Amino acid sequence: MNPADGFTAETPFRFCPADGSPLGPPRPSGGATCPVCGRSFYRNPAPAVGAAILSGGKALVTVRAREPYRGKIDVPGGFVELGEHPVDALRREVREELGVEARVLWPPVMFAPHRYGDDGVHALAIGFRTEIVSGEPSPSDDVAEVLWTSLTDLDALDFAWEHDREFIRNALRQ
């Protein structure tokens with residue numbers, strides 16, 4: 001998405017994804033309806049999951065290998081795929097990014113709306129406390145480096161998203 005072309009994450013849909021017909025004007029709720037098929041379409045946030053992997057009073061954080069915010073601190077996780085349960089998504093993301101199997105602890109401990117990059121999609125981050133059940137974490141996929149941090153080191157880290165710093169802080173305090 002390039003704001004220079006007039007299309008941003010906030011731009012209402014203009015055409016029906018099902019049949020290509022021009023959509024009606026946006027309603028006050030933000031949705032728009034197709035006059036041909038009758039379906040309504042909304043700009044909803046994309047669900048994303050994050051892991052606070054805890055061990056010995058420390059939390060695992062990662063260094064981002066890709067944009068947005070390459071080189072900044074992040075938590076393991078990513079976007080939930082269509083039809084996927086958030087817990088399954090987090091297990092998958094942790095496996096892809098770190099090569100480990102994880103146990104996700106219920107209930108979620110963080111919900112945070114945010115933007116994925118300056119011009120990116122709106123996301124709803126869902127954070128879970130998580131424990132490694134097998135394997136040793138090793139950076140893979142979009143992770144450049146793995147770090148273990150404590151509460152005393154947390155404020156010195158350059159997080160991509162401030163809500164992740166608070167997520168890790170709260171998980172370490174529990």
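Note that the structure is a prediction, hence the values are computed from the model and not measured.
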Between atom SG of Cys34 and atom CG of Leu23, what is the distance when rounded to the nearest 0.5 Å? 6.0 Å
Quick one: ring-ring contact (aromatic ring centres under 6.0 Å, His included) pairs with a partner in residues 22-53, sequence neighbours left out? none
Check salt bridge (charged side-chain N to carboxylate O under 4.0 Å, His left out) between Glu162 and all other residues, then give those that pass, not counting sequence neighbours. Arg165
Group every Ile, Leu, Val, Met, Phe, Trp and Tyr by side-chain heavy-atom contacts under 4.5 Å, then state whether Trp148 and Val94 land in the same group. yes
Measuring from atom CG of Leu154 to atom CG of Leu172, what distance do you get when rounded to the nearest 0.5 angstrom? 7.0 Å
Please report the shortest heavy-atom distance between Ala144 and Ala65, naming the atom on each side. N-CB, 3.6 Å
Of all residues at least two apart in sequence or in a different chain, which pass the salt bridge (charged side-chain N to carboxylate O under 4.0 Å, His left out) check with Glu101? Arg95
Applying ring-ring contact (aromatic ring centres under 6.0 Å, His included), which residue pairs with at least one partner in residues 103-123 are found, sequence neighbours left out? Phe79-Tyr116, Trp106-Phe128, His114-Trp161, His114-His163, Tyr116-Trp161
Taking all atoms of both residues into account, what is the closest heavy-atom pair of Ser138 and Val146, and its distance? C-CG2, 4.3 Å
Working to the nearest 0.5 angstrom, can you tell me the gap between Ile168 CD1 and Leu157 CG? 10.0 Å
Hey, is the main chain of Glu166 close enough, under 3.5 Å, to the side chain of Asn170 for a donor-acceptor pair? yes
With sequence neighbours left out, write down each residue that passes salt bridge (charged side-chain N to carboxylate O under 4.0 Å, His left out) with Asp155, or none if nothing qualifies. Arg169
Among all residues two or more places apart in sequence or in another chain, which pass the salt bridge (charged side-chain N to carboxylate O under 4.0 Å, His left out) test with Lys72? Asp158
Ile126 and Pro108 have their tightest heavy-atom pair at CG2-CB, 3.8 Å
Quick check against the 3.5 Å criterion: does Glu84 have a side-chain atom that pairs as donor or acceptor with the backbone of Glu81? yes
Between Thr33 and Arg27, does any side-chain donor sit less than 3.5 Å from a side-chain acceptor? yes
Output for pair (Arg64 CZ, Ile73 CD1), nearest 0.5 Å, gives 11.0 Å
Minimal non-hydrogen separation, Gly77 against Leu90, with atom names: CA-CD1, 4.2 Å
Going from CZ on Arg66 to CG on Asp142, what distance comes out if it is rounded to the nearest 0.5 angstrom? 5.0 Å
Quick check: does any side chain N or O of Glu131 sit under 3.5 Å from a backbone N or O of Ile53, one acting as donor and the other as acceptor? no
So OG1 of Thr62 and CG of Leu60: to nearest 0.5 Å the spacing works out to 7.5 Å
Got a donor-acceptor contact below 3.5 angstrom from the Arg115 side chain to the Gly120 backbone? yes
